[in-house]
Amino acid sequence: MSYANSVVVLDFETTGLSPDMGDRAIEIGAVRIEQGVVIERFQELMNPGQRVSGFIEDYTGISNDMLKDAAPCEEVMERFAEFVGDGNLVAHNASFDKRFLDAEFARISRRYGGGFSCSLLAARRIFQDAPNHKLGTLVRYANIPSDGTFHRALYDSEMTVKVWMAMLDSINERYDWADVPFSAIQKLNKTPKKSVHQFLSKQSIRHSA
DNA sequence: TGCCAGGCCCTCTTTAGGGCCTT
(Lines give C-alpha, C1' and ligand atoms only; values in the text may rest on other atoms or scores of the structure.)
Protein backbone atom coordinates (compact mmCIF):
# COMPACT_ATOMS: atom_id res chain seq x y z
CA MET A 1 0.00 0.00 0.00
CA SER A 2 1.07 3.59 -0.29
CA TYR A 3 1.07 6.21 2.45
CA ALA A 4 0.50 9.33 0.40
CA ASN A 5 0.83 11.85 3.20
CA SER A 6 4.01 12.88 4.93
CA VAL A 7 3.54 13.22 8.68
CA VAL A 8 5.67 14.30 11.63
CA VAL A 9 5.09 12.21 14.76
CA LEU A 10 6.12 14.11 17.88
CA ASP A 11 6.33 13.71 21.63
CA PHE A 12 7.11 16.16 24.44
CA GLU A 13 8.56 15.45 27.85
CA THR A 14 7.53 18.25 30.19
CA THR A 15 7.75 19.47 33.79
CA GLY A 16 4.08 18.55 34.34
CA LEU A 17 0.66 18.30 32.80
CA SER A 18 -0.41 21.85 32.16
CA PRO A 19 1.28 24.78 30.40
CA ASP A 20 -1.51 26.96 31.83
CA MET A 21 -0.19 26.13 35.29
CA GLY A 22 3.38 27.09 34.38
CA ASP A 23 4.66 23.76 33.10
CA ARG A 24 7.28 23.83 30.34
CA ALA A 25 8.72 21.43 27.80
CA ILE A 26 12.03 19.75 28.70
CA GLU A 27 12.49 17.53 25.62
CA ILE A 28 11.05 17.29 22.14
CA GLY A 29 11.38 14.25 19.90
CA ALA A 30 9.95 13.84 16.41
CA VAL A 31 10.09 11.52 13.43
CA ARG A 32 9.17 12.45 9.88
CA ILE A 33 7.72 9.65 7.76
CA GLU A 34 7.05 9.74 4.04
CA GLN A 35 5.45 6.88 2.12
CA GLY A 36 5.68 4.84 5.31
CA VAL A 37 9.45 5.31 5.62
CA VAL A 38 11.25 7.23 8.38
CA ILE A 39 13.29 9.90 6.63
CA GLU A 40 14.26 12.32 9.39
CA ARG A 41 14.48 12.58 13.19
CA PHE A 42 14.64 15.41 15.73
CA GLN A 43 15.52 15.22 19.42
CA GLU A 44 16.71 17.88 21.83
CA LEU A 45 16.63 18.46 25.55
CA MET A 46 15.77 22.01 26.56
CA ASN A 47 16.28 24.05 29.70
CA PRO A 48 12.86 25.15 31.02
CA GLY A 49 14.29 27.74 33.42
CA GLN A 50 12.93 25.89 36.44
CA ARG A 51 13.89 22.78 38.36
CA VAL A 52 12.01 19.62 37.47
CA SER A 53 10.42 17.59 40.25
CA GLY A 54 11.73 14.30 41.54
CA PHE A 55 8.69 12.66 40.02
CA ILE A 56 9.58 13.92 36.54
CA GLU A 57 13.24 12.94 37.00
CA ASP A 58 12.12 9.41 37.87
CA TYR A 59 9.39 9.24 35.22
CA THR A 60 11.51 10.42 32.29
CA GLY A 61 15.06 9.73 33.42
CA ILE A 62 15.79 13.37 32.56
CA SER A 63 17.57 14.96 35.53
CA ASN A 64 18.12 18.58 36.50
CA ASP A 65 21.81 17.90 35.90
CA MET A 66 21.09 16.89 32.29
CA LEU A 67 19.05 20.07 31.71
CA LYS A 68 21.37 22.65 33.27
CA ASP A 69 23.57 22.94 30.16
CA ALA A 70 20.76 22.40 27.62
CA ALA A 71 19.72 25.21 25.29
CA PRO A 72 16.68 27.22 26.46
CA CYS A 73 13.21 26.21 25.24
CA GLU A 74 12.98 29.24 22.95
CA GLU A 75 16.14 28.26 21.06
CA VAL A 76 15.17 24.60 20.68
CA MET A 77 11.61 25.41 19.65
CA GLU A 78 12.90 27.72 16.90
CA ARG A 79 14.83 24.78 15.46
CA PHE A 80 11.82 22.53 15.89
CA ALA A 81 9.58 25.05 14.08
CA GLU A 82 11.95 24.86 11.12
CA PHE A 83 11.85 21.05 11.32
CA VAL A 84 8.06 20.69 11.31
CA GLY A 85 7.33 23.42 8.75
CA ASP A 86 3.75 22.92 7.62
CA GLY A 87 3.82 19.13 8.00
CA ASN A 88 0.84 17.27 9.37
CA LEU A 89 1.40 16.23 12.98
CA VAL A 90 0.57 13.10 14.96
CA ALA A 91 0.96 12.48 18.69
CA HIS A 92 -0.26 9.93 21.21
CA ASN A 93 -2.95 11.81 23.14
CA ALA A 94 -2.46 14.77 20.81
CA SER A 95 -4.47 17.17 22.96
CA PHE A 96 -1.62 17.05 25.51
CA ASP A 97 1.23 17.63 23.03
CA LYS A 98 -0.79 20.24 21.11
CA ARG A 99 -1.24 22.30 24.29
CA PHE A 100 2.53 22.34 24.89
CA LEU A 101 3.34 22.94 21.21
CA ASP A 102 0.93 25.88 21.09
CA ALA A 103 2.27 27.29 24.38
CA GLU A 104 5.95 26.99 23.46
CA PHE A 105 5.38 28.28 19.91
CA ALA A 106 3.37 31.24 21.27
CA ARG A 107 6.40 32.27 23.36
CA ILE A 108 8.45 32.63 20.15
CA SER A 109 5.58 33.97 18.01
CA ARG A 110 5.52 30.87 15.86
CA ARG A 111 2.60 28.88 14.50
CA TYR A 112 2.36 25.64 12.62
CA GLY A 113 0.30 25.35 9.48
CA GLY A 114 -0.40 21.63 9.33
CA GLY A 115 -3.17 19.49 10.76
CA PHE A 116 -3.08 17.49 13.99
CA SER A 117 -4.20 13.91 14.46
CA CYS A 118 -4.25 11.69 17.55
CA SER A 119 -2.97 8.11 17.61
CA LEU A 120 -4.76 7.47 20.92
CA LEU A 121 -8.18 8.39 19.51
CA ALA A 122 -7.41 6.36 16.38
CA ALA A 123 -6.31 3.34 18.45
CA ARG A 124 -9.51 3.40 20.52
CA ARG A 125 -11.36 2.93 17.22
CA ILE A 126 -9.06 0.64 15.25
CA PHE A 127 -7.65 -1.51 18.08
CA GLN A 128 -10.86 -1.77 20.10
CA ASP A 129 -9.79 -5.14 21.55
CA ALA A 130 -6.57 -3.83 23.12
CA PRO A 131 -6.51 -4.15 26.94
CA ASN A 132 -6.06 -0.37 27.15
CA HIS A 133 -4.69 2.33 24.86
CA LYS A 134 -1.55 3.46 26.62
CA LEU A 135 1.37 3.68 24.20
CA GLY A 136 3.30 0.84 25.84
CA THR A 137 0.27 -1.45 25.81
CA LEU A 138 -0.38 -0.76 22.12
CA VAL A 139 3.25 -1.54 21.30
CA ARG A 140 2.84 -4.98 22.91
CA TYR A 141 -0.63 -5.47 21.41
CA ALA A 142 0.71 -4.86 17.89
CA ASN A 143 3.72 -7.15 18.50
CA ILE A 144 6.16 -4.30 17.98
CA PRO A 145 9.69 -5.05 19.27
CA SER A 146 10.67 -2.69 22.10
CA ASP A 147 13.49 -2.43 24.63
CA GLY A 148 11.16 -0.68 27.07
CA THR A 149 12.87 2.73 27.07
CA PHE A 150 9.56 4.59 27.28
CA HIS A 151 9.10 8.20 28.44
CA ARG A 152 11.89 9.69 26.37
CA ALA A 153 10.73 11.94 23.56
CA LEU A 154 12.38 10.34 20.54
CA TYR A 155 11.78 6.78 21.73
CA ASP A 156 8.07 7.42 22.32
CA SER A 157 7.87 9.13 18.91
CA GLU A 158 9.46 6.09 17.24
CA MET A 159 7.03 3.76 19.04
CA THR A 160 4.08 5.99 18.08
CA VAL A 161 5.20 5.80 14.44
CA LYS A 162 5.15 2.01 14.63
CA VAL A 163 1.71 1.90 16.26
CA TRP A 164 0.49 4.43 13.67
CA MET A 165 1.79 2.28 10.80
CA ALA A 166 0.26 -0.84 12.37
CA MET A 167 -3.11 0.92 12.50
CA LEU A 168 -2.87 1.99 8.84
CA ASP A 169 -1.91 -1.57 7.88
CA SER A 170 -4.89 -2.88 9.86
CA ILE A 171 -7.27 -0.54 7.99
CA ASN A 172 -5.76 -1.66 4.69
CA GLU A 173 -6.10 -5.35 5.55
CA ARG A 174 -9.65 -5.14 6.89
CA TYR A 175 -11.09 -2.58 4.48
CA ASP A 176 -8.85 -2.87 1.41
CA TRP A 177 -7.83 0.75 1.27
CA ALA A 178 -5.17 1.54 -1.31
CA ASP A 179 -4.15 4.57 0.70
CA VAL A 180 -4.87 6.06 4.11
CA PRO A 181 -4.96 9.85 3.76
CA PHE A 182 -4.18 11.92 6.82
CA SER A 183 -7.54 13.64 6.43
CA ALA A 184 -9.33 10.29 6.74
CA ILE A 185 -7.65 9.61 10.10
CA GLN A 186 -8.62 13.09 11.26
CA LYS A 187 -12.23 12.23 10.41
CA LEU A 188 -11.86 8.83 12.07
CA ASN A 189 -10.69 10.58 15.27
CA LYS A 190 -14.13 12.18 15.50
CA THR A 191 -16.22 9.23 14.35
CA PRO A 192 -18.35 7.65 17.13
CA LYS A 193 -16.88 4.26 18.05
CA LYS A 194 -20.07 2.42 17.15
CA SER A 195 -19.93 3.94 13.63
CA VAL A 196 -16.27 3.15 12.90
CA HIS A 197 -16.95 0.02 10.85
CA GLN A 198 -19.49 1.85 8.72
CA PHE A 199 -17.13 4.82 8.28
CA LEU A 200 -14.17 2.67 7.22
CA SER A 201 -16.32 0.55 4.90
CA LYS A 202 -17.67 3.61 3.13
CA GLN A 203 -14.25 5.22 2.93
CA SER A 204 -12.80 2.10 1.33
CA ILE A 205 -14.97 2.63 -1.73
CA ARG A 206 -13.34 6.02 -2.18
CA HIS A 207 -9.77 4.99 -1.45
CA SER A 208 -9.35 1.44 -2.76
CA ALA A 209 -7.32 0.97 -5.91
C1' DT B 1 2.83 26.91 51.24
C1' DG B 2 0.10 24.11 48.72
C1' DC B 3 -2.28 23.37 45.07
C1' DC B 4 -2.69 22.44 40.31
C1' DA B 5 -5.38 20.13 33.50
C1' DG B 6 -8.25 19.00 29.89
C1' DG B 7 -10.40 16.39 26.11
C1' DC B 8 -12.60 12.15 25.21
C1' DC B 9 -15.96 8.68 26.30
C1' DC B 10 -19.13 5.80 28.86
C1' DT B 11 -23.29 5.49 31.60
C1' DC B 12 -26.82 4.13 36.68
C1' DT B 13 -26.39 10.80 31.20
C1' DT B 14 -27.65 15.53 29.09
C1' DT B 15 -29.48 20.10 35.52
C1' DA B 16 -23.29 14.68 36.09
C1' DG B 17 -19.67 11.98 37.49
C1' DG B 18 -15.75 9.33 36.86
C1' DG B 19 -12.16 6.59 34.23
C1' DC B 20 -8.76 6.90 30.58
C1' DC B 21 -4.63 9.10 28.62
C1' DT B 22 -0.66 12.45 28.36
C1' DT B 23 3.96 14.55 32.01
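Lettering of chains follows the sequences in order, A, B, ..., and the numbering in each one begins at 1.
Shown are A:L101, A:I26, A:D156; of these, the side-chain contact (heavy atoms from CB on, under 4.5 Å) with A:F12 is made only by A:L101.
Comparing the same atom, C1', in B:dG19 and in B:dT15 gives a spacing of 22 Å after rounding to whole Å. When the C1' atom is compared between B:dC21 and B:dG2, the two are found 26 Å apart, to the nearest whole Å. The same atom, C1', is picked in B:dG6 and in B:dT23; the two are 13 Å apart, to the nearest Å. Distance noted for atom P between B:dT13 and B:dG7: 24 Å (whole Å). Using atom C1' as the reference point in both B:dT22 and B:dC4, the two lie 16 Å apart (nearest Å). For the P atoms, the distance from B:dC8 to B:dC12 is 22 Å, rounded to whole Å. Distance noted for atom C1' between B:dT14 and B:dC10: 13 Å (whole Å).
Between A:H133 and B:dC20 there is no side-chain N or O to OP1 or OP2 distance below 4.0 Å. Between B:dT23 and A:H151, a contact under 4.0 Å exists linking OP1 or OP2 to a side-chain N or O.
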request  = Check the pair A:S170 / A:Y175 against side-chain hydrogen bond (donor to acceptor under 3.5 Å, both in side chains), numbers first and verdict last.
outcome  = CA-CA 8 Å; A:S170 176; A:Y175 297 96; over 6 Å; no
message = Please evaluate residues A:D65 and A:S63 with respect to the criterion side-chain hydrogen bond (donor to acceptor under 3.5 Å, both in side chains), reporting the C-alpha separation (whole Å), side-chain torsions for both, the decisive distance (0.1 Å), and the verdict.
response = CA-CA 5 Å; A:D65 198 48; A:S63 65; 5.2 Å; no
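Separating the CZ atom of A:R152 from the P atom of B:dT22 is a distance of 17 Å, rounded to the nearest angstrom. Distance A:K134 NZ to B:dT22 P: 7 Å, rounded to the nearest Å. Remark: C1' of B:dG6 and CZ of A:F100 are 11 Å apart, rounded to the nearest angstrom. For the pair A:F150 CZ and B:dC21 C1', the computed distance is 15 Å after rounding to whole Å. As rounded to whole Å, 15 Å separates atom C1' of B:dC8 from atom NZ of A:K98. With rounding to whole Å, A:L135 atom CG is found 13 Å from B:dT23 atom C1'. The NZ atom of A:K193 sits 10 Å away from the C1' atom of B:dC20 (whole-angstrom rounding). Taking atom NE2 of residue A:H92 and atom P of nucleotide B:dT22, one finds them 5 Å apart after rounding to whole Å.
With no hydrogens or angles considered, no side-chain donor-acceptor pair links A:T160 and A:H92 at under 3.5 Å. With 3.5 Å as the limit, one finds a donor-acceptor pair spanning the side chains of A:Y155 and A:D147. A side-chain donor-acceptor contact under 3.5 Å links A:T15 and A:D23. A:S6 and A:N88 form no side-chain donor-acceptor contact under 3.5 Å, judged by distance and modelled atom types alone.
Shown for residues 101-126 of chain A: residues whose heavy atoms fall under 4.0 angstrom of DNA chain B, namely A:L121, A:R124, A:R125. Contacts with DNA chain B (heavy atom under 4.0 Å) in residues 59-66 of chain A: A:Y59, A:T60, listed by number. Contacts between residues 7-29 of chain A and DNA chain B, counted as heavy-atom distances below 4.0 Å, involve A:D11, A:F12, A:E13, A:T14, A:G16, A:L17, A:S18, A:D20, A:M21.
With sequence neighbours left out, A:F105 forms a ring pair (Phe, Tyr, Trp, His ring centres under 6.0 Å) with no residue at all. A search for salt bridge (charged side-chain N to carboxylate O under 4.0 Å, His left out) contacts involving A:K194 returns nothing, not counting sequence neighbours. The salt bridge (charged side-chain N to carboxylate O under 4.0 Å, His left out) test applied to A:E173 returns no partner, not counting sequence neighbours.
A cation-pi contact, defined as under 6.0 Å to the ring centre and within 45° of the axis, links A:R32 to A:F83.
For A:R79, the CZ atom is densely surrounded, since the number of other residues' heavy atoms within 6.0 Å is greater than 12.
When each of A:R99 and A:T191 is assigned the nucleotide of DNA chain B with its nearest heavy atom, A:R99 is the one assigned upstream, toward the 5' end.
Nucleic acid contact for A:D58: none, since no nucleic acid atom lies under 4.0 Å from a heavy atom of the residue.
Using a 4.0 Å cut-off between charged nitrogen and carboxylate oxygen, A:R111 and A:E104 do not count as a salt-bridge pair.
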